[in-house]
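Shown next, in structure tokens, is the structure this report addresses.
The structure presented is a predicted model; accordingly, all values stated were derived computationally and were not measured. Nothing fancy with the numbering, it's 1 onward along the sequence.
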Amino acid sequence: MPETPSASSLLQRVRVRLQARSFATACYYSSMVLLALAVLTVLAVRLLGLLPGIEQNLSWLLMGIPLVALSAVLFQRRVRQATAASAIDEHAQTKDLFLTLSELSTSAGEYQPLVAQAAEQKAGQIQPTEVVPFDPWGRLGRLVLAGAVMALAVWLTPQLDPFGTVEAAEREEQKKTEIKAIRRANDERREQLKKKTRQADESSEQLENDVAQLKKDFRKMRPNQMQSNSKVLNNHRSSLGEQWKQQSTDQLRKMMNRPLSRQQMGGSRSQKMNQWLKDLQDGKTESLQQELQKAQETMQALMEAKDPEERAKLAKQLKKDLQDLKKFASDKAESKELSSALSKALKALEAGQPQNGESSDEAMSQEAMEALKESLDLSEEELEQVARSAKDLKKLTDALETIRQAQSLNQDGQLDGEKLEECETISDYAEMYAQMMSGQGQGGGDKDVND
């Protein structure tokens with residue numbers, strides 16, 4: 001076949017432009033189909049309530065770009081050299097000159113040099129851009145219009161919920177958010193409690209040392225040393241009084257001074273709370289710990305139960321127990337922190353239970369039970385804090401009252417440490433001082449620690 005560089009280059013350039021136009025056409029139609037499907041999808045989702053609003057993320061439309069490109073590659077028309085030659089002949093009115101040239105390699109005859117020469121001469125006069133012109137603006141305009149229709153569909157179509165799907169999904173999402181918030185709040189509070197526990201340990205240790213020194217000084221006092229006795233007692237009263245002010249919050253004083261409620265016929269709940277209050281005022285937590293342990297066991301049984309009726313029964317029992325504890329924490333123990341921990345436990349319990357015929361989400365239920373367990377553990381820590389504070393405050397109050405008794409005896413020259421050999425606790429000293437005062441006819445005196 002004769003050499004035809006110009007004609008061959010023209011054929012190749014035209015074929016490339018035809019192939020590019022075929023690809024662009026395939027992209028255009030693919031885009032229109034995708035946009036039409038997207039509009040229908042949005043309408044279906046909004047009008048039928050197939051997804052909640054939080055899951056209607058339109059970022060999935062970005063997947064259309066690679067999909068359009070892939071479909072264009074698969075469905076574009078393949079352009080052969082003969083097609084390019086026909087396009088040139090049609091544009092230049094060369095009566096199949098270039099088509100014949102494109103087929104010379106498969107044909108024989110003396111006319112081949114003549115065809116090649118004629119095509120080579122004509123090729124210099126033809127521009128590929130004129131043979132295959134590009135005019136994308138019309139189709140781009142239609143694509144922009146289709147995109148505008150898509151945007152209007154997203155913006156104007158109302159969210160309906162004929163089957164309750166959206167409401168149920170939003171409720172589930174709200175539960176998940178609430179559970180995460182509970183667990184995050186528990187973690188933050190636990191970190192605060194670590195610092196508070198360290199401070200409480202230091203305060204308790206200081207109090208123990210001060211009370212131990214006070215008891216030693218009580219034993220050293222003699223009736224004929226009234227001035228030195230008074231100085232020592234005043235120092236102790238000042239030191240312990242400062243500690244009392246630091247630890248005696250309004251909430252704690254209300255709890256310590258709260259009287260037990262009057263028992264009613266069948267008032268087992270009131271009796272139970274009375275026992276809790278009495279123990280807590282004495283700095284004890286055994287009865288409350290038993291109640292929290294009972295709640296932990298009920299929770300464990302709830303997690304292991306498979307029967308829906310059994311789960312509902314256990315959940316109801318656990319809710320009642322937690323409500324009793326929360327009522328005690330807020331009404332009797334005057335502890336906002338303990339009440340808050342128990343409130344979180346109740347919310348976690350509620351979040352983990354399906355409502356109104358909802359299907360149980362095992363993953364979320366497990367997450368809710370974890371939040372419940374953490375809240376119950378936190379409640380135990382809060383309870384220990386309250387009990388420790390109550391115990392230390394009671395110890396301070398008893399110590400200050402005993403100092404008041406000792407000062408009264410000292411004023412009468414009757415403070416004698418030699419009579420205290422068998423005393424061990426502050427209560428023992430207080431009882432002995434009361435006997436000594438009673439023996440002098442002075443009575444018990446006013447026991448207001450603020451005197």
Check residues 137-150 and write down every donor-acceptor pair under 3.5 Å in which the side-chain atom is one partner and the other belongs to a residue at least two apart or another chain.
unit_1: Arg139; atom_1: NH1; unit_2: Thr25; atom_2: OG1; d: 2.9
unit_1: Arg142; atom_1: NE; unit_2: Tyr28; atom_2: OH; d: 2.9

(Q) If only side-chain N and O atoms count, and only distance matters, is there a donor-acceptor pair under 3.5 Å linking Asp392 with Ser389? (A) no
Q: Verify whether one side chain among Asn209 and Gln213 offers a donor that lies under 3.5 Å from an acceptor in the other.
A: no
Q.
Among residues at least two apart in sequence or on other chains, which ones pass side chain to side chain donor-acceptor pair (under 3.5 Å) with Glu304?
A. Gln300
Q: Any salt bridge (Lys or Arg N to Asp or Glu O under 4.0 Å) involving residues 368-380? Give me the pairs, sequence neighbours left out, ordered by first then second residue.
A: Arg183-Glu374, Lys373-Asp377
Q: Look only at the side chain of Asp416 and the backbone of Glu418, and say whether a donor-acceptor pair between them is shorter than 3.5 Å.
A: yes
Q.
For Leu160 and Leu48: C-alpha separation, side-chain torsions, deciding distance, then whether side-chain contact (heavy atoms from CB on, under 4.5 Å) applies.
A. CA-CA 6 Å; Leu160 303 181; Leu48 297 178; over 6 Å; no
Q.
When you compare the side chain of Gln76 with that of Arg78, does any pair of heavy atoms fall below 4.5 Å?
A. yes
Q: May I ask you to check whether Asp210 and His236 show a side-chain donor-acceptor distance below 3.5 Å?
A: no
Q) Got a sec, which residues hit salt bridge (charged side-chain N to carboxylate O under 4.0 Å, His left out) with Arg258, two or more places apart in sequence or on another chain? A) Glu334
Q. Taking the side chain from Ser239 and the backbone from Asn235, do they hold a donor-acceptor pair closer than 3.5 Å?
A. no
Could you pull out all donor-acceptor pairs under 3.5 Å where a side-chain atom in residues 336-347 meets a protein atom, sequence neighbours excluded?
unit_1: Ser340; atom_1: OG; unit_2: Lys344; atom_2: NZ; d: 2.8
unit_1: Ser343; atom_1: OG; unit_2: Ser339; atom_2: O; d: 3.0

Q | Set of residues satisfying ring pair (Phe, Tyr, Trp, His ring centres under 6.0 Å) with respect to Phe218, sequence neighbours excluded | A | Tyr429, Tyr433
Q.
Please check: side-chain N/O of Gln159 versus main-chain N/O of Arg46, any donor-acceptor pairing under 3.5 Å?
A. yes
Q.
Tell me whether Gln323 at atom CD has more than 12 heavy atoms from other residues, nucleotides or ligands lying less than 6.0 Å away.
A. yes
Q | Lys294 bridged to Glu297 by N-O distance under 4.0 Å | A | no
Q | Which residues share a salt bridge (charged side-chain N to carboxylate O under 4.0 Å, His left out) with Asp282, sequence neighbours left out | A | Lys278
Q | Partners meeting side chain to side chain donor-acceptor pair (under 3.5 Å) with Glu424 (sequence neighbours left out) | A | none
Q) What residues form a salt bridge (charged side-chain N to carboxylate O under 4.0 Å, His left out) with Glu384, not counting sequence neighbours? A) none
(Q) Any non-hydrogen side-chain atom of Thr249 less than 4.5 Å from a side-chain atom of Leu252? (A) yes
Q | Asp428 backbone acceptor or donor facing Thr425 side chain under 3.5 Å | A | yes
Q.
Could you check whether Gln281 and Asn257, counting side-chain N and O atoms only, form a donor-acceptor pair closer than 3.5 Å?
A. no
(Q) Could you tell me if Arg17 sits above the aromatic ring of Phe134, with its cationic atom closer than 6.0 Å to the ring centre and no more than 45 degrees from the axis? (A) yes
**Q.** Which residues share a salt bridge (charged side-chain N to carboxylate O under 4.0 Å, His left out) with Arg190, sequence neighbours left out
**A.** Asp187, Glu381
Q | With Asp279 via side chain to side chain donor-acceptor pair (under 3.5 Å) - residues at least two apart | A | Gln275, Ser287
Q.
Is a donor from one side chain sitting under 3.5 angstrom from an acceptor on the other, for Gln385 and Thr197?
A. yes
**Q.** Salt bridge flag under 4.0 Å for residues Glu310 and Lys313
**A.** no
**Q.** Donor + acceptor pair across side chains of Ser22, Arg77 (<3.5 Å)
**A.** no
Q.
Is it the case that the side chains of Asn410 and Ser230 hold a donor-acceptor pair, with the cut-off being a distance below 3.5 Å and no angle test?
A. no
Q: Answer with yes or no whether the side chains of Gln12 and Gln81 bring together a donor and an acceptor at under 3.5 Å.
A: no
Q.
Quick check: do Val386 and Met255 have side-chain heavy atoms less than 4.5 Å from each other?
A. yes
Q.
Pair Asp324, Lys320 - check salt bridge (Lys or Arg N to Asp or Glu O under 4.0 Å), show working.
A. CA-CA 6 Å; Asp324 285 349; Lys320 180 181 178 299; 3.5 Å; yes
Q) Counting distance only, does the side-chain N/O of Ser438 pair as donor-acceptor with the main-chain N or O of Ala434 below 3.5 Å? A) no
Q: Test salt bridge (Lys or Arg N to Asp or Glu O under 4.0 Å) on Glu421 and Arg219 and set out the steps.
A: CA-CA 7 Å; Glu421 292 296 329; Arg219 290 171 178 265; 3.4 Å; yes
Q: May I ask you to decide if Gln225's main-chain N or O and Ser228's side chain share a donor-acceptor pair within less than 3.5 Å?
A: yes
Q | Test side chain to side chain donor-acceptor pair (under 3.5 Å) applied to Asn186 and Ser375, step by step | A | CA-CA 7 Å; Asn186 284 342; Ser375 298; 3.1 Å; yes
Q) Judged by atom type as modelled, is there a donor-acceptor pair below 3.5 Å linking the side chain of Ser203 to the main-chain atoms of Gln199? A) yes
(Q) Between Asp201 and Arg388 (salt bridge meaning N to carboxylate O under 4.0 Å), is one present in this structure? (A) yes
Q) Does CD belonging to Glu309 count more than 12 external heavy atoms closer than 6.0 Å? A) no
(Q) Under a plain distance cut-off of 3.5 Å, with no hydrogens placed, do Gln192 and Arg189 share a side-chain donor-acceptor pair? (A) yes
Q. Would you say Arg80 and Arg15 make side-chain contact, with heavy atoms under 4.5 Å?
A. no
Q. In chain order, what residues pass the side chain to side chain donor-acceptor pair (under 3.5 Å) check against Glu202, with sequence neighbours excluded?
A. none
Q) Taking the side chain from Gln19 and the backbone from Val79, do they hold a donor-acceptor pair closer than 3.5 Å? A) yes
